[in-house]
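Input: a single structure, listed below in structure tokens.
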Number of protein chains: 2
Amino acid sequence: MAGVHPGTASRAMNPDMEHLVNEATARRVRHAAEQLGYVPNSLARSLKTSRTQSLGALVPDIANPLFPPILRGIEDVAAEAGFNVLIANTDDDPERERRQVASLRARQVDGLILASARRADPVVLALVAAGVPVVLVNRVEPVLCVPGVAGDDTDGIRQAVAHLHALGHRRIAHLAGPAGTPTGAARLDAFRRETAALGLDAAGCPVALAASYRTEEGARCTAELLDSAPGFTALLAANDLLALGCFETLAARGLRCPEDLSVVGFNDMPFVDRLTPSLTTVRVPQYDCGAQAARLLLSRLSAPVPADETAESVLLPLSLVVRRSTGPVRAGEAVPAR
Amino acid sequence: MAGVHPGTASRAMNPDMEHLVNEATARRVRHAAEQLGYVPNSLARSLKTSRTQSLGALVPDIANPLFPPILRGIEDVAAEAGFNVLIANTDDDPERERRQVASLRARQVDGLILASARRADPVVLALVAAGVPVVLVNRVEPVLCVPGVAGDDTDGIRQAVAHLHALGHRRIAHLAGPAGTPTGAARLDAFRRETAALGLDAAGCPVALAASYRTEEGARCTAELLDSAPGFTALLAANDLLALGCFETLAARGLRCPEDLSVVGFNDMPFVDRLTPSLTTVRVPQYDCGAQAARLLLSRLSAPVPADETAESVLLPLSLVVRRSTGPVRAGEAVPAR
DNA sequence: GTGAAAGCGCTAACAC
DNA sequence: GTGTTAGCGCTTTCAC
């Protein structure tokens with residue numbers, strides 16, 4: 001319609017090549033495109049250039065409130081660089097994860113951000129072996145030698161334990177996350193180290209292992225702890241959803257929080273500040289995690305890192321947000337220091 | 001590697017064409033593919049077939065808890081049919097919406113699901129004019145003549161008003177959603193009709209118009225209502241987030257819910273059952289909305305509907321969930337004028 | 001049952 | 001500054 005060769009039209013429509021074309025011609029082409037409602041076919045473009053300008057993002061479940069802020073962080077950074085993001089849910093199911101990764105690879109994403117990594121995740125290993133640029137977020141596993149962005153779990157747990165200790169608690173239980181997740185394992189490790197470092201009696205600091213990061217699991221494990229190892233005055237949950245489950249069990253048994261039990265969560269999910277009692281929790285900057293992970297991946301795309309270079313992971317600082325679910329231990333319940 | 005022509009390999013790898021190829025040959029091809037870690041390039045396939053097996057989904061903001069369940073519904077149905085979903089955020093910004101639609105079209109999505117439609121949305125009209133299969137969800141606008149799936153807002157408001165009326169409330173305020181959104185407009189309309197039908201005095205049923213579906217807006221508008229038209233004993237918010245804002249203002253002014261003011265929300269967002277007081281609200285089956293919308297779109301893709309056929313919209317039944325934020329009006333007691 | 005060949009819409013060398 | 005050409009990886013009609 002502009003009376004030019006397709007090649008010229010292509011140049012006129014591409015901001016990076018526009019300078020190669022006569023200003024008047026370019027205007028004519030753009031005008032024709034506008035008239036025709038022409039939208040360049042990015043599939044064809046990608047087939048030619050073998051870059052799709054799109055990233056894949058894998059999350060366990062988009063409906064889990066932890067992940068939308070991360071995804072939003074990824075999207076915003078990606079959009080700024082002209083990248084789209086394809087989101088897929090794994091439901092923490094390895095088989096589904098495998099299928100989703102295959103689908104994203106078939107769609108030729110330029111790189112992948114995984115919020116769904118499990119410990120020694122074979123899918124991640126395969127991806128790395130295949131040379132696909134990958135960055136982990138939230139769940140970072142150093143053993144995998146994949147760069148990632150996450151909160152500094154160890155320090156977060158340290159702050160939470162220190163807070164409870166300062167309130168006089170000496171018997172602190174831990175509601176640990178699934179052993180298969182890097183976060184669950186790291187937080188449990190940190191919990192054991194920190195309580196030991198403060199000289200707390202290991203027997204007074206029982207641990208329950210949740211099978212998943214779900215409210216019902218939190219409720220079940222809390223009940224289990226109360227039944228099998230009573231006597232603790234505070235409970236540190238590896239995740240806010242688990243803490244919500246704890247609230248449920250306490251309510252069901254007529255126990256009050258924080259009077260009977262102080263509860264600390266992890267993540268600072270949206271709306272946990274509006275619960276009663278409002279949840280004391282370790283704030284993880286999810287949006288920033290996502291944004292940083294996207295930046296890390298984009299930088300690796302534009303400047304590929306040699307295989308022998310060590311994968312650098314970023315640990316974002318966390319801060320404890322003290323609210324109403326934690327309080328001083330009751331005098332009668334304080335365990336005498338030995 | 002299998003020693004066959006690419007065309008044969010293609011047939012062997014495609015479940016629908018597999019019957020055209022010798023079983024032994026097919027096995028050989030699949031084995032070679034496995035060995036090589038071969039993943040078919042769906043870009044090239046799509047370029048040839050001009051179907052991408054992907055849908056676009058536009059939401060105002062993925063971090064708004066209303067939308068993840070809808071997206072999950074879409075994804076699950078799409079996945080079952082072998083479709084991927086590309087998600088994009090509009091932030092309710094028409095310009096951003098335009099760009100996102102262009103990007104999705106450039107990626108040749110086979111159809112679009114919009115949760116972000118505004119009233120008489122020009123982007124939607126342009127899409128329809130261009131013959132792109134479109135389905136609306138949540139925000140459905142009959143005027144646009146686009147099929148959609150949403151809750152039956154009119155009936156939802158009816159139930160909420162009837163509930164408050166049954167509790168003795170005769171002065172009910174409405175915190176209306178943005179006039180630019182179909183949901184805001186429909187709920188306001190229904191509110192006016194229902195209160196009138198019950199013979200309530202219009203002057204005793206003041207309305208505040210929120211500029212956006214955000215907590216802060218809800219807080220601001222509640223304050224405005226309390227200041228300008230005190231005397232109402234119940235407040236019906238067009239959306240749970242607005243209701244949360246209402247809670248904030250009540251707390252700030254030392255007013256109790258439901259003793260001083262009964263509050264009803266809309267949507268039944270995740271976690272509003274855990275607030276104090278737990279929120280009485282109209283439950284919208286978000287997941288089902290998304291799932292139905294996806295089904296509707298997929299059916300239109302496989303059996304295109306002639307242009308002259310009327311767009312059929314689906315209204316899902318809603319139900320009021322009565323919790324603790326509503327209670328009987330106390331005789332002679334009204335919200336104290338400041 | 002398999003091979004041959006054309007072409008989806010675009011871009012990037014290369015001419016001129 | 002613009003036209004020409006080849007080809008990205010795949011599918012599909014048509015031969016045989």
Side-chain angles (χ1 to χ4, degrees), chain A residues 1-54 82-84 102-110 130-132 301, chain B residues 1-54 82-84 102-110 130-132 301:
Chain A
M1 172 165 163
V4 296
H5 188 273
T8 307
S10 169
R11 285 185 280 252
M13 297 295 293
N14 186 330
D16 296 345
M17 296 293 150
E18 208 182 327
H19 66 276
L20 294 174
V21 88
N22 188 313
E23 171 57 25
T25 317
R27 231 189 345 259
R28 208 143 34 87
V29 171
R30 281 193 304 262
H31 180 254
E34 177 88 12
Q35 289 288 309
L36 297 163
Y38 168 82
V39 180
N41 184 329
S42 49
L43 260 47
R45 161 194 269 254
S46 295
L47 187 59
K48 178 68 183 170
T49 60
S50 63
R51 289 170 305 112
T52 54
Q53 300 278 99
S54 65
F83 280 69
N84 278 60
S103 164
L104 292 174
R105 290 192 62 191
R107 289 199 145 69
Q108 310 296 115
V109 294
D110 295 334
V132 179
L301 291 181
Chain B
M1 173 166 163
V4 297
H5 188 273
T8 306
S10 169
R11 285 184 279 253
M13 298 294 293
N14 187 330
D16 295 344
M17 296 294 149
E18 207 182 327
H19 66 277
L20 294 174
V21 87
N22 189 312
E23 170 57 26
T25 317
R27 232 191 342 261
R28 208 144 35 85
V29 171
R30 282 194 303 263
H31 181 253
E34 177 87 13
Q35 289 288 309
L36 297 164
Y38 168 82
V39 180
N41 183 329
S42 47
L43 262 45
R45 159 195 270 254
S46 295
L47 186 59
K48 180 68 184 168
T49 61
S50 62
R51 287 171 305 112
T52 54
Q53 299 278 99
S54 65
F83 280 69
N84 278 60
S103 163
L104 290 174
R105 289 192 62 192
R107 288 197 145 71
Q108 311 295 115
V109 292
D110 295 333
V132 179
L301 291 181

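Every chain is numbered from 1 and lettered A, B, ... according to where its sequence line falls, protein lines coming before strand lines.
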With the criterion being N/O to N/O and under 3.5 Å, what pairs connect the protein with nucleotides 13-16 of chain C, and how long is each?
from: C:dA13; atom 1: N6; to: A:Arg11; atom 2: NH1; distance (Å): 3.3

Under 3.5 Å, which N/O atoms of the protein pair with N/O atoms of nucleotides 7-10 of chain C?
from: C:dG7; atom 1: N2; to: B:Lys48; atom 2: NZ; distance (Å): 3.3
from: C:dG7; atom 1: N3; to: B:Lys48; atom 2: NZ; distance (Å): 3.4
from: C:dC8; atom 1: O2; to: B:Lys48; atom 2: N; distance (Å): 3.4
from: C:dG9; atom 1: N2; to: A:Ala44; atom 2: O; distance (Å): 3.2
from: C:dC10; atom 1: OP1; to: A:Tyr38; atom 2: OH; distance (Å): 2.5
from: C:dC10; atom 1: OP1; to: A:Asn41; atom 2: N; distance (Å): 3.0

**Message:** To check you understand the geometry: which heavy-atom pair defines the closest contact between B:Leu47 and A:Ala44, and what is its length?
**Reply:** CD1-CB, 3.7 Å
**Spatial distance of atom CD (A:Glu34) from atom CZ (A:Arg27) [nearest 0.5 Å]** = 14.5 Å
**Request:** Could you grab the distance from atom OG1 of A:Thr8 to atom CZ of A:Arg28, nearest 0.5 Å is fine?
**Result:** 9.5 Å
**Prompt:** Stepwise, does the side-chain contact (heavy atoms from CB on, under 4.5 Å) test hold for A:Tyr38 with A:Met13?
**Reply:** CA-CA 11 Å; A:Tyr38 168 82; A:Met13 297 295 293; 4.1 Å; yes
**Request:** Mind checking the NE2-OG spacing from B:His5 to B:Ser10? Nearest 0.5 Å is all I need.
**Result:** 10.5 Å
**Request:** Hey, could you give me each pair passing salt bridge (charged side-chain N to carboxylate O under 4.0 Å, His left out) that has a residue in residues 1-19 of chain B? Not counting sequence neighbours.
**Result:** B:Glu18-B:Arg30
**Minimum heavy-atom distance A:Ala102-B:Val39, with the two atoms named** = O-CG1, 3.9 Å
**Asked** What nucleic acid atoms does A:Ser46 come within less than 4.0 Å of, heavy atoms only: base, sugar-phosphate, or nothing?
**Response** nothing
**Message:** Reading DNA chain D in the 5' to 3' direction, which nucleotide is the first one with an atom under 4.0 Å from a heavy atom of chain B, and which is the last?
**Reply:** D:dG9 to D:dT13
**Asked** Are B:Asn14 and B:Arg45 close enough that some pair of their side-chain heavy atoms sits under 4.5 Å apart?
**Response** yes
**Message:** What's the separation between atom NZ in A:Lys48 and atom CG in B:Leu43, rounded to the nearest 0.5 Å?
**Reply:** 14.5 Å
**Message:** How close do A:Ala32 and A:Met1 get, counting heavy atoms only, and between which atoms?
**Reply:** CB-CG, 3.9 Å
**Prompt:** Rounded to the nearest Å, what distance is computed from the CD atom of residue B:Glu23 to the C1' atom of nucleotide C:dT2?
**Reply:** 16 Å
**Asked** Do any of residues 14-22 of chain B sit with a heavy atom less than 4.0 Å from DNA chain C, and if so which?
**Response** B:Leu20, B:Val21, B:Asn22
**Item:** Residues in side-chain hydrogen bond (donor to acceptor under 3.5 Å, both in side chains) contact with A:Asn41, at least two apart in sequence or another chain
**Value:** none
**Request:** Measure the spacing between OG of A:Ser46 and CG of A:Asp110 and express it to the nearest 0.5 Å.
**Result:** 7.5 Å
**Prompt:** Which heavy atom of A:Arg107 sits nearest a heavy atom of B:Thr52, and at what distance?
**Reply:** NH2-O, 2.6 Å
